[in-house]
Peer 1: 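I am attaching a structure below and will ask some questions about it afterwards.
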Amino acid sequence: MAEKKLSGAGLRGQSAGETALCTVGKSGSGLTYRGYDIKELAEKVSFEEVAYLLAKGELPTQSQLDDYRKRLKSLRVLPQEVKDVLERIPKSAHPMDVMRTGCSMLGNLETEESFDEADDHIERFLATFPGIVLYWYRFTHDGVRIDTDSEEESIGAHFLRLLHDKKPSQLHADVMNTSLILYAEHEFNASTFTARVCASTLSDIHSCVTGAIGSLRGPLHGGANEAAMELIEDMKDAEDAEKTLMGMLERKEKIMGFGHAIYKEFDPRNDIIKAWSKKLSEEVGDSRLYDVSVRCEEVMWREKKLFPNADFFHASAYNYMGIPTKLFTPIFVMSRVTGWTAHVKEQRANNRIIRPSADYTGPEARPVPAIGDR
Ligand SMILES: CC(=O)SCCNC(=O)CCNC(=O)[C@H](O)C(C)(C)COP(=O)(O)OP(=O)(O)OC[C@H]1O[C@@H](n2cnc3c(N)ncnc32)[C@H](O)[C@@H]1OP(=O)(O)O
Ligand SMILES: O=C([O-])CC(=O)C(=O)O
């Protein structure tokens, strides 16, 4: 396979700073969080341990983890003012816009007055984000005002509990746990870079996260998991998937959920979420979405040497768990907020305002004509 071009537009291939948080594609395909391989993390730890690792630098001991979980659980209740704002957002809104507003509103009420408070706000984001999006979702779609607290220990199970109003199965809780680990951190991706640029002006942490949510929303980034679902949902079977993709490639259309700005041959998160998607398809007893996704993967590699990124098999996995498509990217937010905020802290600890230069391509200097002469 030809070497991937890592130069040109979009700052591709240029180092924009240092980080101790994560390596992406260092040997072409790997991913580590603070030195730990993603595969090992996905097998052995909980998302809350990963959140702790990113925020504090090391994995927690058992007693640190117990305290951390307890604290996160105690912070789930939303201020009435946030609920009032959420109730005013129409049902037609995109849940990512709801998250952006919810995060920003929280910043009006619980403003970061000093950078020493960062960890408290990070814990509040982790605890409230499932409640922010689902309070709005359940109010506008089901006409109920939910309690944003729940018995569930983990953030993933808490999300499913608020969504479905019942205790999630162990399988579903496990899938959510893995999914949140896979999405937690990814070096200088577009949304994290947004957060770092904002942090570099010495702005507050709610502004950094609000901006990052806006960047994650787009279909070239986190929004690709929703776009991938829209692609596969109407595919009847593998043959139909083959025909649809070949037509799209012929028309030079972009296939969402494939390709990556850094990885060259595969995204190490894909095999992990793909295996869970298969397991879920067996549980549901309907392999259509899994089968069409596998055929898409085959066609894209055969025709374009493009591989599924973290988003592609998340689509079928989330769908199998009964999660509405428009809530896919908000789950990414619930996870990536750990990476964003770790980067905010890292930027602040060694800051210089991020301000690159531009190559000017406009007209030569010229006089301003009088309005009647234009
Ligand atoms: C969690 C995440 O955020 S992962 C990314 C999620 N985003 C997506 O899945 C959206 C679809 N994918 C894409 O748009 C791109 O692959 C990106 C945005 C992820 C990376 O963009 P780039 O770094 O510019 O891609 P790259 O340089 O590898 O592209 C090489 C060629 O493959 C093509 N290509 C890349 N991805 C795709 C795709 N998904 N479908 C069709 N063609 C593609 C590009 O058009 C380009 O062709 P060209 O040189 O003729 O224009
Ligand atoms: O790194 C990127 O450009 C996109 C990505 O996979 C992520 O943010 O998880």
Side-chain angles (χ1 to χ4, degrees), residues 1-16 19 21-26 28-33 38 41-42 50 54 96 179-196 212-232 244-270 272-273 293 296-297 299-315 317-318 328-340 342-343:
M1 188 190 167
E3 187 67 4
K4 182 167 180 173
K5 202 171 145 233
L6 278 183
S7 61
L11 298 177
R12 196 73 76 262
Q14 297 178 42
S15 172
T19 184
L21 290 163
C22 177
T23 61
V24 174
K26 208 162 175 212
S29 56
L31 171 61
T32 62
Y33 299 167
I38 190 67
L41 289 170
V50 167
L54 291 171
M96 284 296 278
S179 166
L180 293 172
I181 291 174
L182 298 182
Y183 272 149
E185 161 55 9
H186 221 241
E187 201 219 44
F188 278 22
N189 61 85
S191 56
T192 300
F193 198 58
T194 302
R196 282 193 85 124
I213 293 171
S215 290
L216 190 69
R217 184 192 197 291
L220 294 189
H221 191 11
N225 56 15
E226 295 179 20
M229 188 65 225
E230 280 149 24
L231 171 72
I232 62 172
T244 305
L245 278 204
M246 291 303 285
M248 290 177 77
L249 291 176
E250 184 120 328
R251 295 190 297 278
K252 304 226 172 306
E253 289 174 29
K254 208 154 226 192
I255 317 295
M256 296 308 180
F258 284 86
H260 200 273
I262 305 293
Y263 296 125
K264 300 180 180 76
E265 290 178 4
F266 63 90
D267 180 330
R269 300 166 294 184
N270 178 56
I272 304 171
I273 193 62
S293 300
C296 290
E297 183 176 18
V299 172
M300 289 300 282
W301 186 254
R302 188 186 73 216
E303 298 296 322
K304 298 276 289 182
K305 291 285 172 279
L306 285 169
F307 50 86
N309 55 52
D311 279 329
F312 191 67
F313 277 90
H314 261 106
Y318 286 165
F328 289 5
T329 320
I331 302 174
F332 199 154
V333 173
M334 289 169 213
S335 162
R336 185 57 59 86
V337 70
T338 57
W340 292 334
H343 277 273

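Just so it is clear, the model here is predicted, and its values are computed rather than measured. Whatever order the structure lists them in is the order used to number ligands and atoms, beginning at 1.
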Peer 1: When you look for heavy atoms under 4.0 Å from ligand 1, do you find them on the side chain of Leu220, its backbone, both, or neither?
Peer 2: both

Peer 1: Could you give me the CA-CA distance, side-chain angles and deciding distance for Phe307 and Phe258, then say whether side chain to side chain contact (heavy atoms under 4.5 Å, CB included) is met?
Peer 2: CA-CA 5 Å; Phe307 50 86; Phe258 284 86; 5.5 Å; no

Peer 1: Check if Pro219 has a non-hydrogen atom at a distance under 4.0 Å from any atom of ligand 1.
Peer 2: yes

Peer 1: Protein residues near ligand 2, heavy-atom distance below 4.0 Å?
Peer 2: His186, Asn189, His221, His260, Arg269, Arg336

Peer 1: How long is the straight-line distance from CZ of Arg269 back to NE2 of His186, given to the nearest 0.5 Å?
Peer 2: 3.5 Å

Peer 1: Heavy-atom distance under 4.5 Å between the side chains of Phe332 and Ser179, does that happen here?
Peer 2: no

Peer 1: Can you find a heavy atom in the side chain of Glu187 that is under 4.5 Å from one in the side chain of Leu21?
Peer 2: no

Peer 1: Using heavy-atom distances only, which candidate in Asp311, Leu182, Ile262, Leu249 approaches atom 2 (C) of ligand 1 most closely?
Peer 2: Asp311

Peer 1: When rounded to the nearest 0.5 angstrom, what is the spacing between OG in Ser293 and CD1 in Ile273?
Peer 2: 11.5 Å

Peer 1: Looking at CE of Met256 and CG of Leu231, how far apart are the two atoms once the value is rounded to the nearest 0.5 Å?
Peer 2: 9.5 Å

Peer 1: Compute whether any side-chain donor of one residue and acceptor of the other, for Tyr183 and Asp311, lie under 3.5 angstrom apart.
Peer 2: yes

Peer 1: Can you find an N/O atom of Lys254 closer than 3.5 Å to an N/O atom of ligand 1?
Peer 2: yes

Peer 1: Taking distance alone, with no angle check, do Met300 and ligand 1 share an N/O pair under 3.5 Å?
Peer 2: no

Peer 1: Could you list the atoms of ligand 1 found under 4.0 angstrom from a heavy atom of Arg12?
Peer 2: 22 (P), 23 (O), 24 (O)

Peer 1: Before signing off on this row, confirm whether Arg269 and ligand 1 have an N or O atom pair separated by under 3.5 Å.
Peer 2: no

Peer 1: Could you tell me whether some N/O pair between Gly257 and ligand 1 is separated by less than 3.5 angstrom?
Peer 2: yes

Peer 1: Test your reading of the structure: does Lys304 have an N or O sitting under 3.5 Å from an N or O of ligand 1?
Peer 2: no

Peer 1: Work out whether the distance between some heavy atom of Phe332 and some atom of ligand 1 is less than 4.0 Å.
Peer 2: yes

Peer 1: As an exercise, identify every atom of ligand 1 less than 4.0 angstrom from a heavy atom of Ala224.
Peer 2: 6 (C), 7 (N), 8 (C), 9 (O)

Peer 1: Could you tell me, atom by atom, which parts of ligand 1 come under 4.0 Å of a heavy atom of Met256?
Peer 2: 9 (O), 10 (C), 11 (C)

Peer 1: Could you go through the side chain to side chain contact (heavy atoms under 4.5 Å, CB included) check for Ile38 and Tyr33 one step at a time?
Peer 2: CA-CA 7 Å; Ile38 190 67; Tyr33 299 167; 3.5 Å; yes

